[in-house]
Each structure stands twice: as C-alpha cells, then as structure tokens.
Asker: 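There's a structure below that I have some questions on.
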Amino acid sequence: HLSEPYYVAVNDSLSVMLVTDREGNKTLAFDLDGNLMLSFGKEGHHDGEFQGPEGVALDRAGNIIVGDGTDGRVQVFGPDGTIKRTVATVNGNYASGVALTPDGYIAVACFKGHCIELYRYM
C-alpha cells in the first residue's frame with residue numbers, strides 16, 4: 001500500500017491514523033489496528049492532487065490537512081477524502097510539517113522558505 005511513507009498523524013478520539021505517501025502522491029487513513037479505511041490523492045497540480053505530500057494533521061471534525069512538499073500547497077480534505085479547499089501556497093513552495101493551533105490556525109513548516117507560516121483555519 002505504501003511507496004514512501006513520510007508523516008503520520010494519529011487521532012485517538014476518531015480512532016484514525018493518517019499517513020502521507022510522498023512517492024505515491026496520496027494520503028491514507030488506517031484504523032488503530034492498521035486496517036486501511038481510506039486512500040485519496042493522485043499526482044497533479046489541481047485541487048485534491050499532490051506533488052509529494054508530507055505533513056498531515058486532523059481537526060476535531062475529522063477534516064484532514066495536508067502540506068504538499070513539492071508545490072507548497074496546504075489543502076483541506078473532508079473525512080471522506082474529498083477536497084474542501086486550498087488554504088495557501090507557502091513561502092518557498094515547499095510545505096513540510098503541518099499542525100493546528102488551539103486558536104484556529106494552521107502552522108506550516110516552510111522547508112525551502114526557512115520559516116513557519118500561520119494561516120487562519122477556522
């Protein structure tokens with residue numbers, strides 16, 4: 001199932017573990033026993049597509065936030081993997097780690113931009 005697993009996010013309350021597959025250009029969701037529940041994404045530059053997904057996070061509602069390494073987009077997907085929106089393209093066009101802050105921002109590590117950027121999420 002995995003070509004080049006990169007980042008992992010776990011949410012105990014939703015009983016889900018997310019893994020980004022950089023080479024496979026997809027994000028996978030597993031239950032906490034390791035059973036595949038969902039896989040979404042493909043290579044491309046359009047909404048819902050990836051060029052090397054890296055950082056991944058979940059919000060309380062189960063929405064999935066993915067940072068794309070090669071093209072720098074930060075995208076939000078519904079719990080079923082459907083694209084909801086592109087939040088931003090980060091400085092340096094390389095979004096690696098992502099996390100949600102308690103006050104409603106997405107914090108993104110901009111690998112090539114040598115910075116951390118915050119984007120309003122909620």
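Only a predicted model underlies this, so the values are computations on that prediction, with no experimental measurement involved. What's counted below: heavy atoms across the whole structure, side chains too, no hydrogens, waters or symmetry copies.
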Asker: Check whether any side-chain N or O of Ser96 sits under 3.5 Å from a backbone N or O of Ala109 as a donor-acceptor pair, and report yes or no.
Answerer: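 Side chain of Ser96 to backbone of Ala109: a pair is present.
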Asker: So which atom in Pro53 and which in Val66 form the shortest heavy-atom distance, rounded to 0.1 Å?
Answerer: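 What the structure gives for the nearest pair is CB-CG1, 3.8 Å.
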Asker: Is there a continuous path of hydrophobic side-chain contacts, each under 4.5 Å between heavy atoms, that joins Val74 to Ile83?
Answerer: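 Each belongs to a different hydrophobic cluster.
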Asker: Do Val16 and Val10 have side chains that get closer than 4.5 Å, going by heavy atoms?
Answerer: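 With C-beta onward as the side chain, the pair stays apart.
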Asker: What do the steps show when you test Tyr119 against Tyr105 for ring pair (Phe, Tyr, Trp, His ring centres under 6.0 Å), and what is the final call?
Answerer: CA-CA 5 Å; Tyr119 299 98; Tyr105 286 88; 9.1 Å; no
Asker: Would you say Met37 ends up clustered with Leu58 if hydrophobic residues are merged whenever their side chains have heavy atoms under 4.5 Å apart, either directly or through other cluster members?
Answerer: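 In one cluster: yes.
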Asker: State, to 0.1 Å, how close Pro79 and Ala61 come at their nearest heavy-atom pair, and which atoms those are.
Answerer: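 So the minimum-distance heavy-atom pair works out to CG-O, 3.6 Å.
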Asker: Which pair of heavy atoms, one from Ser3 and one from Gly24, lies closest together, and at what distance?
Answerer: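 Reported closest heavy-atom pair: CB-N, 4.0 Å.
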Asker: Contact between Tyr121 and Thr101 at the side-chain level, heavy atoms closer than 4.5 Å - yes or no?
Answerer: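 A side-chain contact under 4.5 Å is absent here.
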Asker: Specify the closest pair of heavy atoms between Leu100 and Ile106, including all atoms of both residues, with the distance to one decimal.
Answerer: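 In terms of heavy atoms, the two residues are closest at CD2-CG1, 3.7 Å.
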Asker: Are Glu54 and Tyr94 close enough that a side-chain donor and a side-chain acceptor fall under 3.5 Å?
Answerer: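 Yes, because at least one side-chain N or O of Glu54 sits under 3.5 Å from a partner of the opposite role on Tyr94.
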Asker: To the nearest 0.5 Å, how far apart are OG1 in Thr86 and NE2 in His46?
Answerer: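 Answer rounded to 0.5 Å: 11.5 Å.
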Asker: Using modelled atom types and a 3.5 Å cut-off, is there a donor and acceptor pairing between side-chain atoms of Arg22 and backbone atoms of Gly52?
Answerer: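 It does hold such a pair.
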Asker: Shared ILVMFWY cluster between Val8 and Val98, side chains joined below 4.5 angstrom?
Answerer: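 No, separate clusters.
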Asker: Would you please indicate if the ring centroids of Phe50 and Phe77 are separated by under 6.0 Å?
Answerer: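 Yes, the ring centres sit under 6.0 Å apart.
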Asker: Let me see the working for Ile64 and Val56 under side chain to side chain contact (heavy atoms under 4.5 Å, CB included), right down to the final yes or no.
Answerer: CA-CA 7 Å; Ile64 304 161; Val56 62; 3.9 Å; yes
Asker: Kindly determine whether Asp12 and Leu32 satisfy side chain to side chain contact (heavy atoms under 4.5 Å, CB included), including the steps that lead there.
Answerer: CA-CA 8 Å; Asp12 287 335; Leu32 297 182; 4.0 Å; yes
Asker: Let me see the working for Val90 and Lys112 under side chain to side chain contact (heavy atoms under 4.5 Å, CB included), right down to the final yes or no.
Answerer: CA-CA 9 Å; Val90 301; Lys112 291 185 178 177; over 6 Å; no
Asker: Side-chain contact, heavy-atom cut-off 4.5 Å: Leu38 with Phe30?
Answerer: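 They are not in side-chain contact.
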Asker: Can you name the nearest heavy-atom pair linking Lys26 to Ser39, along with the distance?
Answerer: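 The answer is CD-OG, 3.6 Å.
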Asker: For Asn25, does its backbone N or O pair with a side-chain atom of Asp21 as donor and acceptor, under 3.5 Å?
Answerer: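 No: the side chain of Asp21 does not pair with the backbone of Asn25.
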Asker: Can you give me the closest heavy-atom contact between Gly44 and Asp71, atom names plus distance?
Answerer: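 Result for this residue pair: O-OD2, 4.5 Å.
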Asker: If we ignore hydrogens and angles and just use 3.5 Å, is the side chain of Gln75 paired with the main-chain N or O of Glu49 as donor and acceptor?
Answerer: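 Looks like yes, one N/O pair under 3.5 Å.
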Asker: Please confirm whether the backbone N or O of Tyr7 pairs with a side-chain atom of Thr20, one donor and one acceptor, at under 3.5 Å?
Answerer: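 Yes.
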Asker: Taking atom types as modelled, find out whether Asn63 and Lys84 have a side-chain donor-acceptor pair closer than 3.5 angstrom.
Answerer: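 Yes, side-chain donor-acceptor contact under 3.5 Å.
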Asker: Using the side chain to side chain contact (heavy atoms under 4.5 Å, CB included) rule, take Arg85 and Val87 through it: C-alpha gap first, then chi angles, then the decisive distance, then the call.
Answerer: CA-CA 6 Å; Arg85 67 184 172 116; Val87 175; 4.0 Å; yes
Asker: Has the side chain of Glu117 got a donor or acceptor atom that lies under 3.5 Å from a matching backbone atom of Asn91?
Answerer: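 Side chain of Glu117 to backbone of Asn91: a pair is present.
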Asker: Please check: side-chain N/O of Asn11 versus main-chain N/O of Leu14, any donor-acceptor pairing under 3.5 Å?
Answerer: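 Here the side-chain-to-backbone pair exists.
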Asker: Out of curiosity, Leu18 CG to Leu28 CG, how far, rounded to the nearest 0.5 Å?
Answerer: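 It comes to 9.0 Å.
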Asker: Within the distance-only criterion (no hydrogens, no angle test), does the side chain of Asp31 pair as donor or acceptor with the backbone N or O of Asn35 below 3.5 angstrom?
Answerer: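 Between the backbone of Asn35 and the side chain of Asp31 there is a qualifying donor-acceptor contact (under 3.5 Å).
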